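I have placed the structure first, in the form of structure tokens, so that the comments after it can refer back to it.
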Amino acid sequence: MKTDLSWVLNDVLEVRGARHAILVSGDGLLLQSSDGIERGEAETNAAAMSSMQSLSRAVAGFVGLGRGVWKQTLMEYDGGWIFLIAAGQGAYLAVSADVDVDMESMSIRMQKTVAALSRAMGVAPRSNNGVSV
């Protein structure tokens, strides 16, 4: 059963200027999308965002002195911005936004969204209650 996490992604869209949000697996599969984005567009962008995070990780050492650990990718276009951050083990959150988005508010909201996703997707460990498995 697939859990609907669109409510978590829709929360990030409350930042003025935010357009769409997608949750992507490391291998490029669309895990979830916010409301208002067509499935085909979301899937195409999921594959691209997976490649972008991989590329960003590959060049992280360019910052030098062995401190190259990727945290976030920010891409600027004529029509706006794309923010990309890790959202747990093997998952990434990508958000598109208008040119005048408040970048600090977006980054903070994305961090809160990632924390909410972690809680929503987390499963408590099972207790075997003395039964051998």
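For the single chain, residues carry numbers from 1 onward in sequence order. The shown structure was predicted, so the numbers you read here are calculated from the model rather than taken from an experiment.
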Side chains of residues 15-30: which donor-acceptor partners sit under 3.5 Å, not counting sequence neighbours?
{"unit_1": "Arg16", "atom_1": "NH1", "unit_2": "Asp100", "atom_2": "OD2", "d": "3.4"}
{"unit_1": "Arg19", "atom_1": "NE", "unit_2": "Asp98", "atom_2": "OD1", "d": "2.6"}
{"unit_1": "Arg19", "atom_1": "NH1", "unit_2": "Gly79", "atom_2": "O", "d": "3.3"}
{"unit_1": "Arg19", "atom_1": "NH2", "unit_2": "Gly79", "atom_2": "O", "d": "2.7"}
{"unit_1": "Arg19", "atom_1": "NH2", "unit_2": "Asp98", "atom_2": "OD1", "d": "2.7"}
{"unit_1": "Ser25", "atom_1": "OG", "unit_2": "Asp27", "atom_2": "OD1", "d": "2.3"}
{"unit_1": "Ser25", "atom_1": "OG", "unit_2": "Leu29", "atom_2": "N", "d": "2.9"}
{"unit_1": "Ser25", "atom_1": "OG", "unit_2": "Leu29", "atom_2": "O", "d": "3.4"}

Handout entry: Residue pairs fulfilling side-chain hydrogen bond (donor to acceptor under 3.5 Å, both in side chains) with at least one residue in residues 79-89, sequence neighbours excluded
Key = none
Exercise for the section: Kindly give the heavy-atom pair with the smallest separation between Val12 and Met110, and that separation in Å. Expected result: CG2-CG, 3.8 Å
Problem - Residue pair Val95 / Leu93, side-chain heavy-atom distance below 4.5 Å - result: yes
Fill in the blank from the handout: Here the pair of heavy atoms bringing Leu31 nearest to Ala91 is CD1-CB, 4.2 Å
Problem - Any donor-acceptor N/O pair, Asp35 side chain to Asn10 backbone, under 3.5 Å - result: no
Handout entry: Polar side-chain atom of Ser107 near backbone of Met103 as donor-acceptor pair, under 3.5 Å
Key = yes
Handout entry: Sequence neighbours excluded - salt bridge (charged side-chain N to carboxylate O under 4.0 Å, His left out) pairs with any residue from residues 42-53
Key = Arg39-Glu43
Handout entry: Where at least one partner belongs to residues 81-92, residue pairs that pass salt bridge (charged side-chain N to carboxylate O under 4.0 Å, His left out), sequence neighbours excluded
Key = none
Exercise for the section: Name all residues meeting the side chain to side chain contact (heavy atoms under 4.5 Å, CB included) criterion together with Glu104; count only those two or more places apart in sequence or in a different chain, and write none if there are none. Expected result: Asp102, Ile108
Handout entry: Side chains of Ile82 and Met49 in contact at under 4.5 Å (non-hydrogen atoms)
Key = yes
Exercise for the section: Using side chain to side chain contact (heavy atoms under 4.5 Å, CB included) as the criterion, list what pairs up with Thr73, not counting sequence neighbours. Expected result: Met52, Ser56, Trp70, Met75, Leu84
Practice task
Answer yes or no: is there a donor N or O on one side and an acceptor on the other, between the side chain of Ser50 and the main chain of Ala46, under 3.5 Å?
Solution key: no
Handout entry: NZ-CD distance between Lys71 and Gln111, expressed to the nearest 0.5 angstrom
Key = 9.5 Å
